[in-house]
Amino acid sequence: MNAQQYLQTMGNRISNWMNSIEFKEYLGDSPIYKFHRKGENAKTIQVPTLANRTVKLNLLDSSGNKKPTPITAKQGSLVVSKPAPEAVLISTALEVYDNELEGVVTDLSLEQEMKTLMQSLDSVITTEILKTIEGSTYKDNYIKVDTPIDITSTRLKDKAEALEEAIFMAQSNSTQFGNAMKDFSIGLSAKAYSVMEYKAKQNGFKTPFEMFNTEVFPFTNEDSSDGDNEEYGYLIPKRHTGVSFREDQGGKVFKVSVTRIPQRQSAILEIVANAQLLIAGFMKMTVPVNGTAGTQVDVAMPLITRFGIATVTPTVS
């Protein structure tokens with residue numbers, strides 16, 4: 001059996017499983033993953049807020065001056081998460097060389113390889129979501145930015161304590177979307193994840209996942225707006241955000257293909273899917289305009305919180 005035959009066998013199993021009703025039901029158990037038919041928009045997410053939330057709108061006051069006006073969204077107000085304008089192409093690949101397949105290929109080895117690929121796909125999905133958000137023209141509508149915690153020390157221990165504090169502060173400022181850390185996912189830049197791995201070990205946990213009791217995943221940060229301050233991340237409410245995969249008329253979501261690379265004596269298996277991000281939050285709110293009783297408008301409600309730490313030079317007195 002050469003690499004192409006091996007991956008073709010694996011690809012057929014993966015395609016049958018990932019496009020099965022059972023797999024969609026498995027994903028459907030998570031509030032994050034959803035499905036919509038090709039040619040249709042993804043269904044919006046509608047969840048009431050759990051606490052009051054104040055947002056600021058630029059409205060004309062009675063003097064005609066344009067200024068930010070604070071408006072409070074009451075507890076129980078409905079938050080709607082619409083698809084973002086940007087679509088996401090999810091893709092993960094595995095290359096196998098002929099000389100790696102010496103001996104007998106067993107069902108167990110195939111299953112192990114499939115599990116590794118599935119774990120890779122999950123990581124790719126979460127990373128692509130954050131890369132899309134960071135590069136979006138509309139990211140100000142998706143993200144609320146917390147002021148980074150300033151620290152003067154470059155010691156890993158001090159960075160870990162400050163970053164942990166930043167994460168819990170972000171959660172405490174987002175109680176309208178969840179009462180506990182388990183109601184959120186945490187995405188960390190590569191440097192921030194390394195810091196939190198250290199903190200988890202110091203606190204007696206094996207991983208940041210165990211320490212926070214929720215999903216914690218690293219991503220390759222594309223945002224260089226903070227210069228050297230790259231220890232940052234995002235707090236993502238699970239009930240209010242999601243990924244909706246596009247399925248064709250036959251119900252297929254994931255396209256699996258195998259390509260032979262003769263010059264390398266190898267073959268590549270690729271899994272591709274198209275998805276929409278349900279991250280564009282808004283609320284219908286009644287706001288006063290020019291002294292009137294109020295007009296109902298759609299107000300953007302950022303769902304995702306960015307947190308971080310910033311290393312600063314101490315002031316010399």
I'd like to know if the side chain of [X] and the backbone of [Y] have a donor-acceptor N/O pair within less than 3.5 Å.
| X | Y | answer |
| --- | --- | --- |
| S189 | E230 | yes |
| N12 | T9 | no |
| S172 | M169 | yes |
| K144 | L303 | no |
| S136 | T132 | no |
| S174 | A170 | yes |
| K199 | L163 | no |

pair [X]-[Y]: side-chain heavy atoms closer than 4.5 Å:
| X | Y | value |
| --- | --- | --- |
| L235 | M181 | yes |
| L277 | V243 | yes |
| D150 | T152 | no |
| F23 | V253 | no |
| V216 | Y193 | yes |
| V96 | M10 | no |
| K159 | I151 | yes |
| V272 | S91 | yes |

Quick one: pull up [atom1] in [X] and [atom2] in [Y] and give me the separation to the nearest 0.5 Å.
| X | Y | atom1 | atom2 | result |
| --- | --- | --- | --- | --- |
| E231 | I149 | CD | CD1 | 12.5 Å |
| Y138 | I279 | OH | CD1 | 12.0 Å |
| N19 | D248 | CG | CG | 8.0 Å |
| E164 | M211 | CD | CE | 5.0 Å |
| T305 | F177 | OG1 | CZ | 7.5 Å |

* Considering all heavy atoms, the nearest V258-A267 contact ->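 Minimum heavy-atom separation between V258 and A267: CG1-CB, 4.4 Å.
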
* Taking every non-hydrogen atom, the tightest pair across A273 and F245 ->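 Answer, listing the atom of A273 first, then F245: CB-CD2, 4.1 Å.
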
* Asked: With sequence neighbours excluded, what pairs up with Q202 under the side chain to side chain contact (heavy atoms under 4.5 Å, CB included) test?
  ->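 For Q202, the residues satisfying side chain to side chain contact (heavy atoms under 4.5 Å, CB included) (neighbours in sequence not counted) are Y198.
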
With a cut-off of 6.0 Å (strictly less than), are more than 12 heavy atoms of other residues, nucleotides or ligands near [atom1] of [X]?
| X | atom1 | value |
| --- | --- | --- |
| Q265 | CD | no |
| K182 | NZ | no |
| L89 | CG | yes |

* To do: Using a strict 4.0 Å threshold on nitrogen-to-oxygen distance, state whether R37 and E247 make a salt bridge.
  =>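 Judged by the 4.0 Å cut-off on N to carboxylate O distance, R37 and E247 do form a salt bridge.
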
* **Contacts of F212 that satisfy ring pair (Phe, Tyr, Trp, His ring centres under 6.0 Å) - sequence neighbours left out** =>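 Ring pair (Phe, Tyr, Trp, His ring centres under 6.0 Å) list for F212, sorted by chain: F168.
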
* To do: For the pair Y234 and F219, name the ring-plane relationship: parallel under 30°, tilted 30 to 60°, perpendicular over 60°.
  =>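 Geometry flag for F219 against Y234: tilted rings.
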
